[in-house]
Protein chains: 2
Amino acid sequence: MAKGSSSAGPVTRATMADIARRLDISKAAVSYALNGQPGVSSATREKVLDLAKDLGWYASSSARALAGAETGVIGLVLARPSDLPTIETFFIPFLTGVEQVLTERGSSLLLRVIGEHPEAETKTYERWWGERRVDGVILVDERYHDMRLPAVEGLGLPAVLCGGPIKGSALPCLWTDHGADARIVVDHLVALGHTRIAHVSGPAGFVFERARRRGVRRAGAALGVTVETIEAEYTGPQATEVTQRLLDQPEPPTAIVYASDVMALAGLAVAATRGVSIPAQLSVVSWDDSYLTTLVHPAVTALFRDTPAYGALAASVLLDLVDGRDRGRIQVPTSSLRVRGTTAPPAK
Amino acid sequence: MAKGSSSAGPVTRATMADIARRLDISKAAVSYALNGQPGVSSATREKVLDLAKDLGWYASSSARALAGAETGVIGLVLARPSDLPTIETFFIPFLTGVEQVLTERGSSLLLRVIGEHPEAETKTYERWWGERRVDGVILVDERYHDMRLPAVEGLGLPAVLCGGPIKGSALPCLWTDHGADARIVVDHLVALGHTRIAHVSGPAGFVFERARRRGVRRAGAALGVTVETIEAEYTGPQATEVTQRLLDQPEPPTAIVYASDVMALAGLAVAATRGVSIPAQLSVVSWDDSYLTTLVHPAVTALFRDTPAYGALAASVLLDLVDGRDRGRIQVPTSSLRVRGTTAPPAK
DNA sequence: AAAACCTACTTGTCCGGTTCAGGAGAATAG
DNA sequence: CTATTCTCCTGAACCGGACAAGTAGGTTTT
């Protein structure tokens, strides 16, 4: 079996008791030495530290946690159908940011990828917390009537919500001004001269999708333009279908704003198939920026936000909460529009 | 919900001792009852189970692990520069498969995303194992002179390698017949009539990239065609640059095989920019399939493998190893070519 | 009727840390 | 020269489970 496979394989790992025995001192002294606490002479401390290093000693996370410390683990559940690609272009950069902060602060990430099944997610939190596996969790993909909020609050499980703010919930959250984002997009298109703008949104069950929809409607109204929103799943095929419907209208839009980069790419493919020239005959904007938008030709105009920084912020707010510092509701910096090759004045 | 006090956050979670006290029996009896072990009457067992449910009791993972059980956590380190997008289209489906098996078998995934820094990865394994955080790890992205193999073997840390097989290493591994994959791709292109084929590979530090390179060379030689391999990073810009160089040659290739879907898309963008028609003037194949290949027009011919199944297999082999069953070296099913819109006979 | 054997428990120890309440010996104070 | 206060260290309890060993009480065997 794999354990102790190689000749030198140390099957049993060193414990503090081993160090204490070899140095003929007490476990307590070893503990103080290793934790940088007062109560041991610097000579002893050094001997302990040296030996610990020699033996390859690491504190058992279980023992530490059992003795009352935190577990040093935070949890994240990703609950979307696995075949939905949108999560990827957002999620990896987000995770990268999360991880960076966790690593800096000595924590790790427990990840769970499940299908879209709200109960399973709530259940996971309950188990993780019950089993003392995590110190807290990051909640992503805020939904309407989100059962996760009462669940984590009921459990007393520290959590930070990427979304909100929610009235009636005291959870710290990272909220985005979707109205401002919407204005940036609509302003850009209207400034170019577009008057028939379509908005292909993601599922309205997501709070931010409905906020975006409201945002574009208002931004359009303020400029005397109506923006039509159509809802679709975050998949390529769905975006394809919706785009075809839009372009089949008697008066098709001259600009389409897609909820995600993947959808925008699907839209471009439809245009390519139909010989609709971009951006001459149709302008396209993606609400999410990622490496995908610059991978195609022409590159897609997209609303950019610093996703790793967003993840890093979420992680640091959560770790602070675990440490007892509630940073409350924090506004995420407004996105900026990266104007690329898919937006231009409409054909007359 | 599950916890008794709904009004205030229940900071203290129920323990077996609580159950024992309330039922006026011993902790041991509670333990036997909860673990389905003999030694308690069914009446008592039922009372214990009921109360445990009422109290929302879960076994402390730390206490369990400390008492000798496994931790129920397996680790995965993702070590590539965070701005390399290739990881995403492979990684999320892979993780989905991993998670499914882990969930079925009651384990969780500890994830770490780090930059490409081999020492950091080895160090992470050392810590995770030292701290008893994980029962085993999945190794992805096999490299030449991979320091992780001696590291995990030296530690006695159960691991499964996605790659290999490695001579001199007893690690169970999931190996791929890259030669067969290469033949599939080259055969397809040669059958269409291509004789000038280019292969844009990823960094040769990855074992599988060099195996693929060797594979296409041999497959070409067997058919009397030379296949030229050019190495590039897995980024869009690098693929763009290499593609431009290839197309600038006096006798440019009529078909390009890209190491990844992202690179293939970048190649398509170059062609679009130059007005090179695909597939009439240039055929494109991607060695990796993902949702990206069908997101663009024309859809990209790609070598498909069931990535979730691959992840699931890796997880199950690792869990078996942790349970003491070494399944040795397992060959991954050969990929199949999904012929789509980017391959056609070359222009005469 | 005594021995043997269940069943249904209890007691106590252990895992590997943390931490509290001392205590010995040296240094400082009065 | 004792009293006090350090510094440096020890012993033991504790966290929450798992489990080995022991025990009361009843049932079966001989």
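First the proteins, then the strands, lettered A, B, ... as listed; each starts at 1.
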Distance, rounded to the nearest Å, where Arg45(B) contributes CZ and dC9(C) contributes C1': 12 Å
Chain A contact limits on DNA chain D, taken 5' to 3' with a cut-off of 4.0 angstrom to heavy atoms: dC8(D) to dG16(D)
Contact under 4.0 Å: Trp57(A) side-chain N or O vs dG16(C) OP1/OP2: no
Distance-minimising heavy-atom pair for Ala314(A) and Phe94(A): CB-CZ, 4.2 Å
Length of the CZ-P vector between Arg132(A) and dG16(C), whole Å: 20 Å
5' precedence on DNA chain D between Ser42(A) and Arg64(B) (nearest-nucleotide basis): Ser42(A)
Criterion side-chain contact (heavy atoms from CB on, under 4.5 Å) on Glu142(B) and Cys162(B), from CA distance to verdict: CA-CA 7 Å; Glu142(B) 186 194 6; Cys162(B) 293; over 6 Å; no
side-chain N/O Thr15(A) vs dC15(C) OP1/OP2, d < 4.0 Å: no
Rounded interatomic separation in angstrom, taking CZ from Arg21(B) and P from dT10(C): 14 Å
Between C1' of dT18(C) and NZ of Lys27(A), the distance in whole Å: 9 Å
Tabulate protein N/O versus nucleotide N/O from nucleotides 20-23 of chain C, keeping only pairs under 3.5 Å, one per line.
from, atom 1, to, atom 2, distance (Å)
dC20(C), N4, Tyr32(A), OH, 2.7

Electrostatic pair Lys53(A):Asp50(A) at N-O distance under 4.0 angstrom: no
Salt-bridge criterion met for Arg127(A) and Glu131(A) (N-O under 4.0 Å): yes
Test log, rule salt bridge (charged side-chain N to carboxylate O under 4.0 Å, His left out), inputs Arg105(B) and Asp323(B): CA-CA 11 Å; Arg105(B) 296 177 59 170; Asp323(B) 290 348; 3.5 Å; yes
First encountered from the 5' end of DNA chain C, between Thr44(B) and Ala63(B): Thr44(B)
Distance in angstrom units between Leu66(A) CG and dT19(C) C1', rounded: 14 Å
Where Cys173(B) and Val160(B) come nearest, the two heavy atoms and their spacing: CA-CG2, 4.4 Å
Flag if over 12 foreign heavy atoms under 6.0 Å of CD, Glu104(A): yes
Value in whole Å for how far the P atom of dT7(C) lies from CD1 of Ile25(B): 19 Å
Positive for side chain to side chain contact (heavy atoms under 4.5 Å, CB included) with Val137(A), one of Leu76(A), Leu157(A), Leu110(A): Leu157(A)
For atom CD of Glu70(A) and atom P of dG17(C), their distance in whole Å: 18 Å
Sugar-phosphate, base or nothing in reach of Gly39(B), heavy atoms under 4.0 Å: base
Distance, nearest 0.5 Å, that separates CD of Glu99(A) from CD1 of Ile92(A): 10.5 Å
Under-4.0 Å side-chain N/O to phosphate OP1/OP2 contact, Ser26(B) with dC9(C): no
Between dA8(C) (P) and Gln37(B) (CD): distance, integer Å: 15 Å
